[in-house]
Amino acid sequence: MSFSTLYRVLFKRNSVFVGTVLASAFVFQASFDSAVTKWYETHNKGKLWKDVKLQLQEGGDDEDEDEDDE
């Protein structure tokens, strides 16, 4: 695709240019958000609520048992 074709298709009319910018921003935001979320969850595996919640369900809640004994 040459520059002249790109210009005629995307940049010649202001409304098409603005639509292209908005669509590109939306796609970039969605992909960037997915990538950062994936990295964050991988980097903090075992520390997030979804991981801790499973550990608490499997092991039970020991704090409630201690309060009943007093």
Side-chain angles (χ1 to χ4, degrees):
M1 180 181 265
S2 68
F3 183 72
S4 61
T5 306
L6 186 66
Y7 174 77
R8 275 188 272 122
V9 172
L10 299 177
F11 301 125
K12 190 169 184 177
R13 294 180 54 193
N14 190 43
S15 59
V16 176
F17 176 71
V18 170
T20 301
V21 168
L22 291 176
S24 300
F26 180 77
V27 170
F28 176 78
Q29 181 268 332
S31 60
F32 186 79
D33 184 50
S34 297
V36 169
T37 301
K38 178 78 171 164
W39 174 83
Y40 183 81
E41 289 179 352
T42 303
H43 185 70
N44 292 304
K45 191 168 183 76
K47 301 178 205 173
L48 300 174
W49 171 245
K50 64 182 182 177
D51 301 327
V52 173
K53 182 179 174 184
L54 292 174
Q55 291 174 356
L56 290 175
Q57 288 176 346
E58 290 172 0
D61 193 6
D62 294 336
E63 290 182 22
D64 290 339
E65 293 172 8
D66 292 340
E67 291 175 4
D68 293 338
D69 293 337
E70 292 177 5

Using the side chain to side chain contact (heavy atoms under 4.5 Å, CB included) definition, which of the options V27, T20, L22 pairs with S24?
T20
Side-chain heavy atoms nearer than 4.5 Å, only ILVMFWY residues, links allowed to pass through others: does that put L10 and F17 together?
yes
What distance separates N44 CG from W39 CH2, expressed to the nearest 0.5 Å?
7.0 Å
Out of curiosity, does F11 fall in the hydrophobic cluster containing V9 (side-chain heavy atoms, cut-off under 4.5 Å, transitive links)?
yes
Rounded to the nearest 0.5 Å, how far does CD of Q55 lie from CD of Q57?
11.0 Å
Validation row: K47, D51 side chains within 4.5 angstrom (heavy atoms):
no
Spell out, yes or no, whether V21 and F26 are grouped together once hydrophobic residues are joined by side-chain heavy atoms under 4.5 Å, including indirect joins.
no
